[in-house]
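Just below is one structure, and these are the notes that go with it.
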Amino acid sequence: MVVAGMSMRTSVPARISGGVLGGLRVFGQTLELGAAAFLHLFRDIVALRHPWRDTVDQAWFVVTVTVVPAVLVSIPFGVIVSVQVGSLTNQIGATSIAGAAGGLGVIRQGAPIVSALLLGGAAGAAIAADLGARTIRDEIDALRTMGIDPVRRLVVPRLAAILIVAPFLCILVIFMGLASGYAINVAFQAGTPGSYISSFASFASVGDLVVALVKTQIFGVIVVIIACHRGLGATHGPRGVANAVNAAVVLGVVAAFTVNVVITQLVAMFMPQKLG
C-alpha cells in the first residue's frame with residue numbers, strides 16, 4: 001500500500017512535466033512549420049514558381065465556407081453592440097457619441113474576433129480535415145517518397161489564400177456590423193444619421209482600420225498553421241482526423257484570442273485613442 005501511494009505521488013509530477021514538455025515540443029513544431037511555410041512562400045513568389053492556381057482554389061474555398069456565416073454573425077453582433085451602447089449613452093445623456101462608441105467597438109475588437117472565430121471554426125476545421133484525411137491515406141508519405149515537400153505543396157497555397165482572404169473577410173464584417181448598428185440607432189433609438197456619422201468620423205481613423213486588418217491577418221496565419229500542423233500529424237484513422245479537427249479549432253481560436261489581448265495592449269500603449 002505504501003509503495004502504491006509513493007508511486008502515485010511520483011507519477012503525478014512526472015505526468016505534469018511530461019505534458020508540459022509535450023506541449024512545448026508541439027509548440028516548437030508548429031513554429032517550425034510556420035517558418036518553413038513562409039520561407040517557401042517568399043522564395044516561390046520571388047522565383048515566380050508559386051502555384052497561384054492552387055492558391056486561388058484555396059482562397060475560393062475559404063470564401064465559400066466563411067462569407068455566409070460572416071454575414072449571419074456580423075448583423076446580430078452589430079445589433080447587440082448598438083443596443084447596448086445606445087442604452088448606455090441614453091442613460092448618461094450622450095446620445096451624440098453612440099456612433100463613435102459602437103463603430104469603434106466593431107472595428108477594433110468585433111470584426112477581428114468574429115473573423116478569427118470564422119477562420120478557426122470553418123476554414124481551420126476544413127483544412128485540418130482535408131490534410132488529416134490525406135495523412136491517414138498515406139498521401140503525405142507518398143509525396144515525400146516522390147521527393148515533394150508537403151509543406152511547399154499543401155501548406156503554402158493555404159497560407160497564401162488566408163493572407164488574401166482574411167482582410168476582405170474583416171472588411172465585410174465591419175461593413176455589415178456598422179450598417180446594422182446604424183440602422184438600429186436611427187430606426188429604433190431616436191438617433192439621427194448626421195450625429196451618428198459625424199461622431200464616428202471624429203473618433204475612428206484609418207489607423208483603427210489598419211490595425212483591424214493586420215490583426216485579422218495574424219489570426220488567419222495562426223489558424224492555418226495550427227490547422228495544417230494538426231492535419232499533417234493526424235494518426236489512428238478517422239478518429240485521429242476528428243481529434244485533429246477538434247484540436248485545430250480549439251487551439252486556433254484560443255491562440256488567436258490570446259494574441260488579441262497582447263496586440264490590444266500594445267495598441268493601447270503606442271496608439272492611444274484621440275479625438276479627431
Side-chain angles (χ1 to χ4, degrees), residues 26-67 70 111-135 139-140 143-144 148-173 210 212-234 241 244-245 247-260 263:
V26 172
F27 180 71
Q29 293 172 353
T30 306
L31 290 181
E32 183 180 2
L33 176 63
F38 272 106
L39 182 61
H40 285 306
L41 177 62
F42 177 75
R43 287 179 175 176
D44 290 345
I45 291 178
V46 171
L48 302 179
R49 295 184 301 178
H50 181 74
W52 289 109
R53 178 174 295 180
D54 293 341
T55 299
V56 172
D57 291 339
Q58 293 298 324
W60 177 248
F61 172 75
V62 174
V63 168
T64 57
V65 299
T66 56
V67 166
I113 288 177
V114 170
S115 300
L117 287 173
L118 294 173
L119 291 174
I127 291 173
D130 181 30
L131 296 183
R134 293 171 182 261
T135 300
E139 294 183 17
I140 306 301
L143 289 176
R144 294 192 179 100
I148 301 174
D149 188 356
V151 176
R152 188 176 184 180
R153 180 66 180 84
L154 300 176
V155 177
V156 171
R158 289 166 171 80
L159 176 61
I162 288 293
L163 290 175
I164 295 172
V165 174
F168 293 101
L169 182 65
C170 181
I171 292 174
L172 175 63
V173 175
V210 172
L213 296 178
V214 172
K215 286 169 65 174
T216 305
Q217 280 199 317
I218 294 174
F219 298 159
V221 170
I222 292 173
V223 165
V224 73
I225 294 300
I226 291 177
C228 289
H229 177 264
R230 288 295 174 172
L232 294 174
V241 176
V245 172
V249 173
V250 174
L251 293 177
V253 172
V254 171
F257 278 26
T258 303
V259 173
N260 180 61
I263 296 176

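Nothing fancy with the numbering, it's 1 onward along the sequence.
Applying the 6.0 Å contact sphere to CD of E32 captures no more than 12 heavy atoms from other residues, nucleotides or ligands. Applying the 6.0 Å contact sphere to CZ of F27 captures no more than 12 heavy atoms from other residues, nucleotides or ligands.
Looking at heavy atoms from C-beta onward, V214 lies out of side-chain contact with I263 at the 4.5 angstrom threshold. Residues C228 and L33 are in side-chain contact: their nearest non-hydrogen atoms beyond the backbone lie under 4.5 Å apart. Under the 4.5 Å side-chain criterion, counting only non-hydrogen atoms from C-beta, S115 is not in contact with F219. Residues V249 and R230 fail the side-chain proximity criterion, which asks for heavy atoms closer than 4.5 Å. R158 has its side chain within reach of L131: a pair of non-hydrogen atoms, C-beta onward, lies under 4.5 Å apart. Side-chain contact between F257 and L117 is present, with at least one heavy-atom pair separated by less than 4.5 Å. Taking 4.5 Å as the limit, every side-chain heavy atom of V173 sits out of range of all side-chain heavy atoms of F168. By the 4.5 Å heavy-atom criterion applied to side chains, F38 and V221 are counted as neighbours.
Under a 3.5 Å cut-off, the side chain of R152 and the backbone N or O of I148 do not form any donor-acceptor pair. Side-chain atoms of T30 do not come within 3.5 Å of backbone N or O of H229 as any donor-acceptor pair. Q217 places a side-chain N or O within donor-acceptor distance of the main-chain N or O of L163, the cut-off being under 3.5 Å.
Qualifying salt bridge (charged side-chain N to carboxylate O under 4.0 Å, His left out) partners for R153, counting only residues two or more places apart in sequence or in other chains: D54. With sequence neighbours left out, T55 forms a side chain to side chain donor-acceptor pair (under 3.5 Å) with H50.
Closest of all the heavy-atom pairs between A244 and A128 is O-CB, 4.2 Å. Contact record, A125 with G121: CB-O, 3.4 Å, taken as the closest heavy-atom pair. Residues I222 and A255 approach most closely at CG2-CB, 3.7 Å, considering heavy atoms. Contact between A166 and T216 at its shortest, heavy atoms only, is O-CG2, 3.4 Å. The minimum heavy-atom distance linking L251 with I226 is given by the pair O-CD1, 3.8 Å. Across L159 and A37, no two heavy atoms sit closer than the pair CD2-CB, 3.9 Å.
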key: Derivation and outcome, side-chain contact (heavy atoms from CB on, under 4.5 Å), residues V56 and I164   = CA-CA 9 Å; V56 172; I164 295 172; over 6 Å; no
query = Taking it one step at a time, do L119 and V62 satisfy side-chain contact (heavy atoms from CB on, under 4.5 Å)?
reply = CA-CA 8 Å; L119 291 174; V62 174; 4.3 Å; yes
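Remark: D57 does not engage R53 in a salt bridge, criterion side-chain N to carboxylate O under 4.0 Å.
The line from CD1 of I162 to OG1 of T66 is 8.0 Å long, rounded to the nearest 0.5 Å. Here the straight-line distance linking atom CZ of R134 with atom CG of L232 works out to 10.0 Å at 0.5 Å rounding. In this structure, L154 CG and E139 CD are separated by 8.5 Å, a value rounded to the nearest 0.5 Å. The distance from atom CD1 of I113 to atom SG of C170, rounded to the nearest 0.5 Å, is 11.0 Å.
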